[in-house]
Amino acid sequence: MQPLIFAATCDLAGKVRGKAFPAGDLKRRLSRGVGWTPTNVQINCFDGIAESPFGALGDLLLIPDADAEVRSDFGSVVEHFMLGDIVTLEGEPWELCTRSLLKSALARLERVADVRLLAAFEHEFQLKSEFELEGEAYGRTGFEMQRTFCESLTSHVAAAGLSTDSIMKEYGSNQYELVIGPEEGIRAADAAVILRELTRSTARHSGEAATFTPIRDPASVGNGVHIHLSFLDRNGNPATFDPDGPCGMSRLSGAFAAGILKYLDSILALTAPSVISYLRLTPHRWSAAFNNLGFRDREASLRICPVTTKDPTAVSRQFNMEYRAADAAACPHLALAALVHAGVQGIEEGLSAPVPTEEDLSLLSTEALNARGFVRLPETLEAALGKFGANATVAGWFSEPFVQVYLAHKASEIAHLAGMDTAAKCAAYEMAY
Ligand code: GLU
Ligand code: MG
């Protein structure tokens with residue numbers, strides 16, 4: 001058997017695509033990559049091809065990155081892949097490469113605020129077993145039924161150089177959650193992709209199937225992706241916490257949080273990018289429906305998380321904020337790029353820290369909400385795309401071609417679902433993610 005390495009990109013659809021090459025060619029492939037086609041970026045999550053400015057023209061290279069390598073032994077087969085960057089034939093980052101877009105957002109953060117980002121992704125997913133496991137929310141029995149799967153998954157996660165914080169049987173039917181530790185910069189988004197792929201592979205190799213679809217059953221809970229954010233200064237010291245700041249936020253993190261909330265309705269199309277993402281982002285589902293900051297409140301878009309220590313040094317390392325309006329239809333690199341840009345924009349604009357809410361915002365009228373600077377987040381993908389496409393500041397963070405291509409990409413996804421009822425849409429996304 002000839003071992004193959006799969007060079008991969010996580011694209012606009014949040015799908016991991018690429019090409020495999022013989023492992024013996026690795027040295028050459030690390031510099032020359034594999035050939036890639038511009039119009040591939042317009043393949044949507046249902047394999048339809050959206051209107052593409054490139055047509056049949058052009059060539060690109062997908063260059064695998066040795067720092068984003070996964071080699072997982074599943075006994076009968078070794079899954080070996082590397083995430084990479086898409087570059088032009090001249091070697092310049094391609095303007096639609098999600099990894100390169102995140103790199104440039106992170107560079108802006110360093111330039112403007114002289115800090116580096118730490119991020120940890122929490123993922124919820126469901127096993128599509130024939131057996132519906134009900135009544136086992138956070139249950140030990142529910143966990144035991146998949147202990148072998150959980151141990152196998154966390155072993156593969158460890159072999160990929162990532163650390164498991166915790167794994168559990170979540171609230172929903174057959175729903176599990178895996179939380180990994182924080183990683184720095186680009187590695188954090190790579191880790192999210194790796195985690196999703198290893199979860200799917202582990203399920204597949206144990207005769208199961210896993211789905212990260214944003215929501216399987218509109219009558220129940222969704223599968224969220226919660227992104228924990230904190231900062232390190234140039235000496236590697238934590239820069240997120242200030243014991244005298246509002247809710248413990250440093251000036252930097254207060255402005256960053258305010259930027260995210262100010263631009264949230266315009267970046268939502270990048271962090272919650274499917275049609276059914278908006279079934280999840282409704283009040284009383286412990287997801288996110290308004291652009292509010294919550295102090296330990298799981299219905300807020302941005303939540304200040306609790307710290308579990310009194311030691312001041314440990315507190316400042318542990319302190320972080322959690323973005324909850326994301327799901328796994330989103331490419332982690334794009335979602336993180338949007339959050340970083342919005343946060344840095346808040347720093348540049350000198351915004352002051354948001355005031356946390358402590359009540360149920362769904363009980364307020366639109367006027368009362370708006371008077372306090374809150375909005376109900378877009379309630380459909382179309383509305384979210386409308387906000388994204390119309391916000392000149394947000395467009396300025398990315399390139400104009402990126403915005404146009406993204407809007408066309410999502411239009412084709414929406415068109416694919418036209419005429420389907422909600423159950424059929426959920427079924428389609430369950431297959432895709
Ligand atoms: N399932 C919820 C979501 O869609 C999150 C529940 C929790 O707080 O873990 O985001
Ligand atoms: Mg959870």
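Everything numeric here is computed off the predicted structure, so don't read it as measured data. Every number for a ligand or one of its atoms is a count from 1 in the order of the listing.
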Open item on the list: Which label fits Tyr406 and Phe388: parallel for a plane angle under 30°, tilted from 30 to 60°, or perpendicular past 60°?
Closed with: perpendicular

Open item on the list: Within ligand 1, which atoms have a heavy atom of Trp286 less than 4.0 Å away?
Closed with: 2 (C), 3 (C), 5 (C), 8 (O), 10 (O)

- [ ] Can you measure from CD (Glu359) to CG (Leu364) and round to the nearest 0.5 angstrom?
- [x] 5.5 Å

Can you give each donor-acceptor pair under 3.5 Å made by side-chain atoms of residues 335-353, sequence neighbours left out, with the distance rounded to 0.1 Å?
residue	atom	partner	partner atom	Å
His341	ND1	Arg108	NH1	2.9
Gln345	OE1	Arg108	NH2	2.7
Gln345	OE1	Trp397	NE1	2.9
Gln345	NE2	Glu349	OE2	3.1
Glu348	OE1	Arg108	NH2	3.0
Glu349	OE1	Lys262	NZ	2.5
Glu349	OE2	Tyr263	OH	2.5

Open item on the list: Counting only nitrogen or oxygen atoms and a 3.5 angstrom limit, does Glu124 reach ligand 1?
Closed with: yes

Task: Shortest non-hydrogen contact from Leu102 toward His333 - done: CB-O, 3.7 Å

TODO: Please list, chain by chain and in numerical order, all residues satisfying side-chain contact (heavy atoms from CB on, under 4.5 Å) with Ala107, sequence neighbours excluded.
DONE: Arg111

- [ ] Please work out whether any backbone atom (N, CA, C, O) or any side-chain heavy atom from C-beta onward of His226 is under 4.0 Å from ligand 1, and answer side chain, backbone, both or neither.
- [x] side chain

TODO: State, to 0.1 Å, how close Tyr429 and Val275 come at their nearest heavy-atom pair, and which atoms those are.
DONE: OH-N, 3.1 Å

Task: Non-hydrogen atom of Glu170 closer than 4.0 Å to ligand 1 - done: yes

- [ ] Give yes or no for whether the N/O distance cutoff of 3.5 Å, strictly under, is met between Asn223 and ligand 1.
- [x] no

- [ ] Show which atoms of ligand 1 fall inside a sub-4.0 Å distance from at least one heavy-atom site of Arg324.
- [x] 5 (C), 7 (C), 8 (O)

Task: Centroid-centroid under 6.0 Å between Tyr176 and Phe143 rings - done: no

Open item on the list: Treating Ser277 as the side-chain partner and Ser274 as the backbone partner, does any N or O pair qualify as donor plus acceptor under 3.5 Å?
Closed with: yes

Extract all donor-acceptor atom pairs below 3.5 Å that involve side chains of residues 420-428 and protein atoms in other chains or at least two apart in sequence.
residue	atom	partner	partner atom	Å
Asp421	OD1	Ala423	N	3.4
Asp421	OD1	Ala424	N	2.9

TODO: Report yes if the side chains of Phe256 and Leu302 come closer than 4.5 Å at any heavy-atom pair, otherwise no.
DONE: no

- [ ] Say whether Val221, considering both its backbone and side-chain N or O atoms, lies within less than 3.5 Å of an N or O atom on ligand 1.
- [x] no

TODO: Give the total of protein N/O/S atoms at a distance below 2.8 Å from the Mg ion (ligand 2).
DONE: 3

Open item on the list: Tell me whether Arg280 has any N or O atom under 3.5 angstrom from an N or O of ligand 1.
Closed with: yes

